[in-house]
Amino acid sequence: MELQTNVIYCGDCLTKLKDIPNECIDLIYIDPPFSSNRNYVAFWQEQEKRHFEDRFENVQAYIDYMKPRLRELYRVLKPSGSFYYHCDWHASHYIKMLLDSDYLFGYSNFRNEIIWKRAFSHNDPKKYGRLHDTLLFYTKSNKWTWNRIIIPYTQDYIEKYYRYTDKDGKKFLSRSLTAPGGRGPRYEWKGITRNWRVTRENMEELERQGKIFYTKNNIPRLKQYSEDIKGSPLQSIWIDILPVVTWSGEGLGYPTQKPVELLERIITASSNNGDMVLDAFCGCGTTVVAAQRLNRRWIGIDISPTACRVIANRLEKEFYIKGNRDFHILDMPKTVDELRQYPAFEFQNWAINALGGIPSKVKVRDSGIDGKLYPIEDIQKSKKEGMDLFGTIDNYIPIQVKRTDQVGRPDIDNFETAMKRDKRTKGIFVGFSFSRDAEKEVRRIQRDEGLEIECITVDKIIERQLNGRFK
Ligand SMILES: C[S@@+](CC[C@H](N)C(=O)[O-])C[C@H]1O[C@@H](n2cnc3c(N)ncnc32)[C@H](O)[C@@H]1O
């Protein structure tokens, strides 16, 4: 098996991971949808709504679902590799037990439970606000990549702990010079005999440098200047990384989108330049963006074709790199049967994108126009001039999509109304198949109203895609 890198696989990670050879990944981060009964409403574009049902009825079903996927992830991880599982209160304890088992990493390879404060506050009635996520950090063996991260002290901390000021105005805190537990060399220093942390020679040198501070009882202590200390090693409670909020520049409007800073931290600590990073539930691609920024190679997997398209756009926009050249989106579904399984929103986006159109921003329930097809020159012009195609360019063909067989005459009539309302003379209707009545109605509308409706079936789109007639 050859390993392809800088790729996004579209599909269930259980099957896609089987294309990845054993023990070739340095770092895995996953953030799967949790075991909850909520419906997530994602806003991919300004007001475009998307629901994805949370499929897990209860924790056991969730664990059963994750188990074989985790096993595959474990298989592809290098012996020196690290693994992070991002979860919340719904299932974190059950997941920990699963990961602790010998079937996966084992208790001895558990390294940290990281608490990430992901919200400012949470109004949970009659209980404490649940505002943190949990990241379970494991390694595959007892030798793993580790780059210590130092967090600078805050001004508050320095003011609180660096309470003393030297003659020359430098702030310092005093540290004990007494060795703990009777260890360290024993000698007398200025009338006090005990075990010290430093040798007599070092004590003399510190004295010469003016780095010893004496208490009221004449006990020597070491002066530690704030300017000599860069900070402290990163601990397991992370409160300094803010969540992605809809109004932040980073936000793509996806409710479970994680901040790139969080992933940059994990990737920095647990991998090196050129290492291979994998996210098997990569959503809108935060991990791959962070990996790309930090010069790592990466693989992303997501079951949602819309998510895969969002990632491609995100990469092209942020790094000025091109899909099909600098990175690849693989396995976007192609068969009619696969497309039948799509949720309505996904199907609609697929059809409109496959035709080279642009999905409508506002989804008013079946307003009759799901997307618009613009002449290529207008798209290029709008990109160059930074214009919004919608509303500013009038030269478009409306697209209506129905995820059904036997699209009927009433559907065609509704589309005719929408076309007239928008003063269009040409339109495209996509469905799995069209009834005879619908086809008759299309001919009547052309004859009597002068409106041209092109009915395109899904298998025709696929055929044209394969022949390269659509982008
Ligand atoms: C919580 S989101 C991940 C968000 C991501 N960390 C980010 O910052 O954008 C979970 C993602 O897992 C995807 N997903 C769900 N089941 C999957 C599966 N079996 N294989 C691959 N992806 C899956 C969903 O489509 C969703 O995009």
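Every heavy atom of this structure was used, including side-chain atoms; hydrogens, water molecules and symmetry mates were not. Note that ligands are numbered from 1 as they come in the structure, with each ligand's atoms numbered from 1 the same way.
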May I ask whether Arg69 places a heavy atom under 4.0 Å from ligand 1? yes
Taking NZ, NE, NH1 and NH2 as the nitrogens, is one of them in Lys16 or Asp331 under 4.0 Å from a carboxylate oxygen of the other? yes
So is Asp302 polar-close to ligand 1, meaning N/O to N/O under 3.5 Å? yes
Between Thr286 and ligand 1, is there a nitrogen or oxygen pair with a distance under 3.5 Å? yes
Identify which one of Phe137, Tyr29, Phe281 satisfies the ring-ring contact (aromatic ring centres under 6.0 Å, His included) criterion when paired with Tyr84. Phe137
Enumerate the atoms of ligand 1 whose separation from the nearest heavy atom of Ser304 is less than 4.0 angstrom. 25 (O)
I want to know if ligand 1 touches Ala307 in the polar sense, i.e. an N/O pair below 3.5 angstrom. no
Atom indices of ligand 1, in the order listed, that fall short of 4.0 Å to a heavy atom of Gln257: 7 (C), 8 (O), 9 (O)
Short N/O distance, under 3.5 Å, between Asp12 and ligand 1? yes
List in chain and number order the residues that pass side-chain hydrogen bond (donor to acceptor under 3.5 Å, both in side chains) with Glu338, two or more places apart in sequence or in another chain; answer none if no residue qualifies. Thr335
Taking 4.0 Å as the limit for heavy-atom contacts, which would you say applies to Tyr9 with ligand 1: side chain only, backbone only, both, or neither? neither
State plainly whether the residues Glu261 and Arg265 are in salt-bridge range, i.e. N to O under 4.0 Å. no
Are side-chain N/O atoms of Tyr107 and Asp102 paired as donor and acceptor at under 3.5 Å? no
Quick check on contacts: which atoms of ligand 1 are under 4.0 angstrom from a heavy atom of Lys258? 6 (N), 7 (C), 8 (O)
Mind checking whether Cys284 has an N or O less than 3.5 Å away from an N or O of ligand 1? yes
With His93, which residues qualify under side-chain hydrogen bond (donor to acceptor under 3.5 Å, both in side chains), at least two apart? none
Of Gly300, Cys13, Cys10, the one whose closest heavy atom lies nearest atom 20 (N) of ligand 1 is Cys13
Got a salt bridge between Arg436 and Glu439, using NZ or NE/NH1/NH2 to carboxylate O under 4.0 Å? no
Check: Leu252 main-chain N/O paired with Gln257 side-chain donor or acceptor under 3.5 Å: yes
Go through ligand 1 atom by atom and flag the ones less than 4.0 Å from a non-hydrogen atom of Tyr65. 16 (N), 18 (C), 19 (N)
Return yes if some donor-acceptor pair links the side-chain N/O of Lys258 with the main-chain N/O of Thr256 below 3.5 Å, else return no. yes
Within the 4.0 Å heavy-atom shell around Gly11, which atoms of ligand 1 are there? 20 (N), 21 (C)
Which of the ligand 1 atoms, numbered from 1, are nearer than 4.0 Å to a heavy atom of Ala280: 21 (C), 22 (N)
